[in-house]
Each structure stands twice: as C-alpha cells, then as structure tokens.
Asks: 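There's a structure below that I have some questions on.
The chains referred to below are lettered A, B, ... by the order of the sequence lines, with proteins before strands, and numbering in each begins at 1. Values below: all heavy atoms of this structure, side chains included; hydrogens, waters and symmetry mates excluded.
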Number of protein chains: 2
Amino acid sequence: MKWDALEEEPCSLARTVAVIGDRWTLMILRECFLRKRRFDAFQTSLGITRHLLADRLKKLVRFGVLRRIPYMDSPKRYEYILTQKGLDLYPIIMSVVHWGNVHMVDSRGRPMLHEHKLCGKHFDPLMICSECGEPVFAKEVHVHPGPGAREAVAPKANISKARTTKASRA
Amino acid sequence: MKWDALEEEPCSLARTVAVIGDRWTLMILRECFLRKRRFDAFQTSLGITRHLLADRLKKLVRFGVLRRIPYMDSPKRYEYILTQKGLDLYPIIMSVVHWGNVHMVDSRGRPMLHEHKLCGKHFDPLMICSECGEPVFAKEVHVHPGPGAREAVAPKANISKARTTKASRA
DNA sequence: ACGCTAAGGTTCTATTTTAGAACTGTCAAC
DNA sequence: GTTGACAGTTCTAAAATAGAACCTTAGCGT
C-alpha cells in the first residue's frame with residue numbers, strides 16, 4: 001500500500017497516519033511545539049538528514065499543518081510555524097508523551113515535566129467524554145458506521161482479486 | 001538514525017514513536033481495539049503484506065503491547081490480545097481519530113461514530129488537565145526538564161563529530 | 001579581494017525497509 | 001485425496017532512508 005492510498009481510506013485513523021505516521025514527523029512536530037521554527041534548528045536537534053527534513057517539512061506544509069513564512073529577504077529565509085490545524089495535533093503529542101512517561105521511562109524518571117500555566121501544577125493529560133465529562137476507556141465505547149463509511153453493498157462488486165483486500169474502517 | 005536508537009532517547013515521545021511510529025502499527029492497533037485478534041483477520045482487513053504483519057506483531061509482543069495466546073492445539077493457533085500497556089494506548093488512538101474527524105474528512109462526513117456507553121451519546125475525546133480539570137492548550141503549557149533528562153553538563157564532553165548531533169528532549 | 005561562516009536547501013550513492021507474490025506445514029471437512 | 005483455513009516464512013523488486021558532499025546568497029573580518 002502506498003502512502004497516497006492511506007489518505008483516501010474511509011478511516012480517520014488511516015488519514016491521520018498518512019500525515020503523521022512515520023519515523024520523523026511526530027519528532028519534528030515536537031520541536032515545533034517546543035517553539036523551534038527553523039530548518040537548521042530542526043536538523044541540529046533531531047539529527048535527521050537534511051534531505052528527509054526538507055521532504056517532511058514540504059509534506060507538512062502541503063497538508064496545512066505548518067506554514068512557511070519568510071522572516072528575511074535577501075537572502076530569502078523562511079521559518080515554519082504551526083497553523084491551527086497543526087496546533088490541533090497537541091492532544092496527539094501529549095497522549096503519546098504521556099504513554100511514554102507511563103510505560104517507557106527508565107529508573108531515572110521522566111525526561112520532561114509539563115506545567116499547566118492555568119493552575120500552576122505539573123499535570124498529566126486526561127481524556128474525557130465531551131458529553132458527560134467522565135474519563136473514557138476502550139471497553140465503554142461502542143463504534144458504529146457514520147455517514148462517511150464505506151458503502152456496505154459494493155456498487156460494482158467486481159472485486160477481481162480478493163486475496164489482497166484493502167478494506168478498512170475508522 | 002536507527003529505530004533502536006529512538007528507544008534510548010531521553011524523550012518520552014521518541015520512545016513511544018519507536019513503538020507506534022510507523023505506517024502500520026497504529027492501523028494494527030486500531031483493529032485490535034475493534035476486537036480483531038487473529039493473523040488472517042488483520043491481514044484481510046488491512047491489506048498489509050503477511051511478512052510485515054508478522055514482523056509488527058512480533059514487535060508489539062516484544063514491547064508488551066500485545067500478548068500471543070494459543071487458542072487451539074494441533075494445529076497450534078495463536079491470537080493477539082491487548083495487554084494493559086496496549087489498552088493504555090487508547091487515548092492516542094482516539095486523539096488520532098479525532099484529529100482525522102476534524103481535519104481530514106470529506107464532504108460525506110465521518111467514517112465512524114463513537115458512542116460512550118456510560119452516557120449513551122456520541123462523543124469526541126477531550127483532553128483535560130489532571131490537576132484542575134480544564135481543557136489543555138499548547139500555549140498554556142510550560143515544559144521543563146525532569147529527573148530523566150539528559151544531563152545538562154556532559155560528563156565526558158568528547159563529542160567528536162558535533163556536525164551530526166542527536167540531542168533531544170521530551 | 002579573500003576566506004570564513006550562516007541559513008536553507010539539493011544532489012549523490014549505499015543501505016535498509018517495504019511491497020507483492022509464492023510457498024510451507026498442520027489439521028478438518030468433503 | 002483434494003480443498004480450504006490458519007499462521008506463518010521465503011523470495012525478488014521497488015521504495016524509502018542514511019550519510020555525506022555540494023550549492024547559493026549574503027554578512028563579517030582582514
């Protein structure tokens with residue numbers, strides 16, 4: 001399966017994976033949330049090859065996650081800043097970091113602590129239900145098809161080689 | 001940078017990316033949360049090559065995210081079920097799906113809807129601060145080093161080739 | 001004028017991953 | 001005794017990534 005195919009799956013997870021589902025993209029976004037904005041700053045702190053960094057930045061701009069803004073003319077210099085779409089990735093970043101904090105730390109403890117400026121305390125992110133405000137667990141969630149689901153009955157059912165099916169859900 | 005190097009970074013994001021940061025792992029985990037458990041079930045619904053599926057399942061078992069349980073002797077057959085460590089990935093999955101729901105759907109709408117059995121309503125996941133209960137936004141969070149951070153002053157500062165640095169944070 | 005550095009890339013080859021398909025082995029049913 | 005399900009393994013070809021060098025515009029020091 002190609003990356004481009006992922007974007008078109010009728011599955012919100014697959015489509016998001018098409019944007020952030022590689023070795024480097026989440027790391028680049030981490031740097032963005034740490035207020036890094038420039039090519040060399042990303043390259044130095046991540047150790048990513050310049051080739052790949054250029055490629056990933058282009059991709060993130062294409063997806064509307066970052067915006068490429070000139071901050072100097074002659075020579076033209078650009079920096080990359082998060083759009084609202086990019087800022088909305090914050091819950092993903094935080095839940096990824098939190099899982100690492102819980103399950104992947106060594107004996108020395110957490111590499112980083114997060115302080116909530118509103119209340120002044122070190123915190124963990126907690127996922128709650130937007131409707132009732134209770135914490136959500138996998139077993140308490142029932143999933144069912146929405147309007148954008150793949151049609152149940154295939155209109156043209158000429159699935160020639162069903163061996164390598166690519167069906168999917170969200 | 002190799003995958004193995006990622007696991008050892010002093011950064012909870014990098015370490016988590018070492019587990020879930022590839023094209024297929026999150027998709028496999030989606031199927032797990034949709035109650036799929038068997039090799040062929042994964043392969044059929046994802047269209048992943050059998051080679052890669054075997055590899056990713058092994059990796060997830062090695063990381064303690066899945067457990068490989070025999071459900072039949074002669075012939076020996078196994079199924080893969082989420083451990084608690086695996087179930088704890090749910091907020092990541094949900095925040096990824098939610099971002100896709102908000103930013104990557106086409107005109108037909110969401111492919112899937114999530115119902116919270118506790119309150120009976122369709123919901124979105126919401127990230128709040130564990131301390132004050134308010135929704136968290138990137139600009140309201142201050143990050144600083146924790147006990148597991150890379151030591152600020154290098155004990156043996158013989159960084160021979162500083163050109164290709166690999167520094168990192170969490 | 002000359003060399004040096006900085007930023008933001010591009011280009012090149014070598015290595016690693018992934019895709020795609022076929023093959024293996026065990027058992028049960030037809 | 002052939003077919004089919006299940007859970008993989010093995011093979012070759014194609015794609016992605018690593019690692020390093022190179023390019024361009026421009027400022028600074030001498």
Asks: Without decimals, in angstroms, what is the distance between A:Asp22 CG and C:dT17 P?
Replies: 15 Å
Asks: Side chain of B:Trp24 only, please: which of C:dA19, D:dA18, C:dA7 is the nearest?
Replies: C:dA19
Asks: Does any non-hydrogen side-chain atom of A:Leu6 lie less than 4.5 Å from one of B:Arg23?
Replies: yes
Asks: How close or far is atom P of C:dG8 from atom OH of A:Tyr78, stated in whole angstroms?
Replies: 11 Å
Asks: For B:Leu52 and D:dA16, give me the distance from atom CG to atom C1', rounded to whole Å.
Replies: 13 Å
Asks: Take atom NE2 of A:His51 and atom P of C:dG9, then tell me their distance rounded to the nearest Å.
Replies: 13 Å
Asks: What is the distance from CZ of B:Phe39 to C1' of C:dT26, rounded to the nearest Å?
Replies: 16 Å
Asks: Less than 4.0 angstrom between a side-chain N/O of B:Lys59 and OP1 or OP2 of C:dT17, yes or no?
Replies: no
Asks: Rounded to the nearest angstrom, tell me the gap between atom CG in B:Leu53 and atom P in C:dA19.
Replies: 12 Å
Asks: Whole angstrom is fine here: how far is it from CZ in A:Phe42 over to P in C:dA6?
Replies: 19 Å
Asks: CD1 of B:Ile81 to CD1 of B:Ile69: how many Å apart, nearest 0.5 Å?
Replies: 4.5 Å
Asks: Is any side-chain N or O of A:Arg77 under 3.5 Å from a base N or O of C:dA7, one able to act as donor and the other as acceptor?
Replies: yes
Asks: Using the test side-chain contact (heavy atoms from CB on, under 4.5 Å), find all partners of B:Ser95 that sit at least two apart in sequence or belong to another chain.
Replies: A:Pro91, A:Ile92, A:Ser95
Asks: Between A:Glu131 and B:Lys121, is there a side-chain N and carboxylate O pair less than 4.0 Å apart?
Replies: no
Asks: Between C:dG8, D:dT17, C:dA19, which nucleotide has the shortest distance from any of its atoms to the side chain of B:Arg23?
Replies: C:dA19
Asks: Can you find a side-chain donor-acceptor pair between B:His144 and A:His122 that sits under 3.5 Å?
Replies: yes
Asks: Grab the CG-C1' distance between A:Asp55 and C:dG9 for me, whole Å please.
Replies: 13 Å
Asks: Check whether the side chain of A:Arg50 and the base of D:dA20 form a donor-acceptor pair under 3.5 Å.
Replies: no
Asks: Tell me whether the rings of B:Tyr90 and B:Phe33 are parallel (<30°), tilted (30 to 60°) or perpendicular (>60°).
Replies: tilted
Asks: Test of understanding: with ring-ring contact (aromatic ring centres under 6.0 Å, His included), list the residues that count as partners of A:Tyr80, not counting sequence neighbours.
Replies: none
Asks: So does A:Lys58 get a side-chain nitrogen or oxygen closer than 4.0 Å to the phosphate oxygens (OP1/OP2) of C:dT10?
Replies: yes
Asks: Within residues 63-76 of chain B, find the residues that approach DNA chain D with a heavy atom at under 4.0 Å, and present them sorted by residue number.
Replies: B:Arg68, B:Tyr71
